[in-house]
Amino acid sequence: MTFDIVTIFPAMFEQPLAAGVIGRAIERGVLDVKIRDLRDFTADRHRVVDDVPFGGGPGMVLKADPMFRAIDAIEADRGQPLTVVLTSPQGARLTQETAQRLSRLAHVAILCGRYEGVDERVRERVSEELSIGDYVLTGGELPAMVILEAVARLVPGVVGDEQSVAADSFSRGLLDFPQYTRPATLTVPGPRGPADRSVPDVLLSGNHADIRRWRKREAVARTLERRPDLLTGADLDGEEQEILREMIAQRHK
Ligand code: 9D3
């Protein structure tokens with residue numbers, strides 16, 4: 001799969017793309033990610049990417065023409081079909097479902113918004129507009145990286161362990177169960193002095209059926225406590241549904 005990111009801050013992508021799962025997938029050729037500097041698509045001597053808003057008001061607006069030229073260049077380079085995503089606070093909220101849909105495409109371009117926004121006429125060449133949530137950032141670069149990461153890890157071969165992708169909490173609608181690693185007992189500082197904190201016995205028992213049941217109970221309990229909204233539409237197996245019914249019944253006592 002190919003990604004093209006159009007930005008006035010290409011340096012913001014260097015380290016995040018070089019590190020971790022995404023960096024390795026790029027090295028292995030499973031992903032092809034090109035960061036494109038919007039200034040390279042200007043036609044004037046001063047490489048101007050923004051201008052004052054018509055009608056007045058504070059701040060600057062990203063000009064349409066460099067964006068159009070960037071999209072044309074990406075299309076010429078990658079071929080069609082090209083899906084063009086614009087990051088914007090007005091966009092639909094990015095969800096796991098959107099990430100799954102985008103991960104099945106061959107070529108995605110992401111345009112990073114900045115300042116007070118992008119000339120409205122750019123939207124005519126945009127396939128979809130995405131926000132990553134209801135909080136104010138200074139631009140679309142971090143959202144673009146978030147979108148890329150959420151989508152790319154779903155592309156076959158990007159994450160080594162396909163099982164962990166399939167078991168994903170947001171795909172199934174259940175939060176993760178608690179995880180522990182060695183040592184089995186740990187002394188932790190607390191308000192009443194140091195305390196020994198041990199891993200739940202069941203995880204050391206070697207009884208895999210018990211461990212599986214315990215994990216399911218913990219995952220259901222956490223989801224019910226912290227994110228009950230996820231449970232409507234969750235893809236639970238029979239055992240999980242039974243645990244959930246029990247816990248809801250317990251609550252009403
Ligand atoms: C006129 C009001 N503007 C400033 C408060 C609105 C505004 C414009 C541009 C607010 C933020 C931004 C920059 N943000 C993005 O480009 C952005 C974003 C975000 O801020 N939050 C969540 N997702 C996204 S995607 C792009």
Side-chain angles (χ1 to χ4, degrees), residues 1-17 19-22 31 33-42 47-71 73-74 82-105 107-155 168-171 226-227 229-230:
M1 179 172 184
T2 78
F3 291 90
D4 292 86
I5 297 182
V6 180
T7 173
I8 59 171
F9 295 118
M12 285 183 72
F13 295 88
E14 282 168 21
Q15 298 300 331
L17 286 174
V21 166
I22 302 296
L31 295 177
V33 183
K34 279 192 184 160
I35 305 305
R36 314 230 184 205
D37 187 339
L38 184 63
R39 286 189 199 283
D40 293 343
F41 301 96
T42 53
R47 313 217 312 158
V48 175
V49 292
D50 58 355
D51 207 339
V52 295
F54 275 122
M60 300 293 273
V61 174
L62 283 177
K63 292 165 73 63
D65 194 57
M67 286 289 190
F68 289 144
R69 295 157 64 95
I71 296 167
I74 294 164
L82 174 67
T83 299
V84 181
V85 173
L86 173 66
T87 61
S88 125
Q90 281 81 53
R93 179 91 57 92
L94 176 68
T95 61
Q96 191 63 24
E97 205 176 289
T98 303
Q100 275 159 1
R101 176 169 53 76
L102 295 178
S103 75
R104 292 190 284 269
L105 302 172
H107 308 297
V108 170
I110 308 177
L111 312 178
C112 302
R114 270 273 150 185
Y115 312 123
E116 292 314 301
V118 178
D119 188 301
E120 188 64 24
R121 292 164 291 188
V122 169
R123 292 198 162 75
E124 289 165 28
R125 296 204 51 191
V126 162
S127 320
E128 57 194 291
E129 216 169 306
L130 293 177
S131 161
I132 62 163
D134 295 341
Y135 35 81
V136 181
L137 303 173
T138 57
E141 278 74 14
L142 290 174
M145 196 60 225
V146 167
I147 295 165
L148 186 149
E149 170 137 350
V151 173
R153 64 179 289 287
L154 298 174
V155 172
D168 235 330
S169 72
F170 283 105
S171 305
R226 302 185 193 185
R227 292 295 306 278
D229 59 298
L230 291 178

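Quick note: numbers below take in every heavy atom, side chains included, and nothing from hydrogens, waters or symmetry partners. Counting starts at 1 for both ligands and their atoms, following the listed order.
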Write out the residue and atom name of the closest protein heavy atom to [atom], then the distance separating them to 0.1 Å.
| atom | answer |
| --- | --- |
| atom 23 (N) of ligand 1 | Ile132 N, 3.1 Å |
| atom 9 (C) of ligand 1 | Tyr115 O, 3.2 Å |
| atom 24 (C) of ligand 1 | Pro143 CG, 3.7 Å |
| atom 6 (C) of ligand 1 | Glu116 OE1, 4.6 Å |

Q: Could you check Val49 against Leu62 for side-chain contact (heavy atoms from CB on, under 4.5 Å), going step by step and ending with a plain yes or no?
A: CA-CA 6 Å; Val49 292; Leu62 283 177; 4.3 Å; yes
(Q) Considering Gly59, Ser88, Ala144 one by one, which has a heavy atom nearer to atom 25 (S) of ligand 1 than any of the others? (A) Ser88
Q. Out of Gly133, Pro89, Gly140, who gets a non-hydrogen atom closest to atom 7 (C) of ligand 1?
A. Pro89
Q. Among the heavy atoms of Asp134, does any lie under 4.0 Å from an atom of ligand 1?
A. no
**Q.** Min heavy-atom dist Gly117 to ligand 1 below 4.0 Å
**A.** no
Q.
Evaluate Val136 for polar contact with ligand 1, using N/O atom pairs at a separation under 3.5 Å.
A. no
Q: State whether the shortest distance between N or O atoms of Thr138 and N or O atoms of ligand 1 falls below 3.5 angstrom.
A: no
Q: Check Ser131 against ligand 1 and report side chain, backbone, both or neither, counting heavy atoms closer than 4.0 Å.
A: both
Q) Is a salt bridge present between Arg123 and Glu120, judged by a nitrogen-to-oxygen distance below 4.0 Å? A) yes
Q) Is the shortest distance from a Lys or Arg side-chain nitrogen in Arg93 or Asp134 to a carboxylate oxygen in the other one below 4.0 Å? A) yes
Is there a side-chain contact between [X] and [Y] in this structure, where contact means two heavy atoms from C-beta onward sitting under 4.5 Å apart?
| X | Y | result |
| --- | --- | --- |
| Glu149 | Pro16 | no |
| Val84 | Arg125 | no |
| Thr95 | Gln100 | no |
| Met145 | Leu17 | yes |

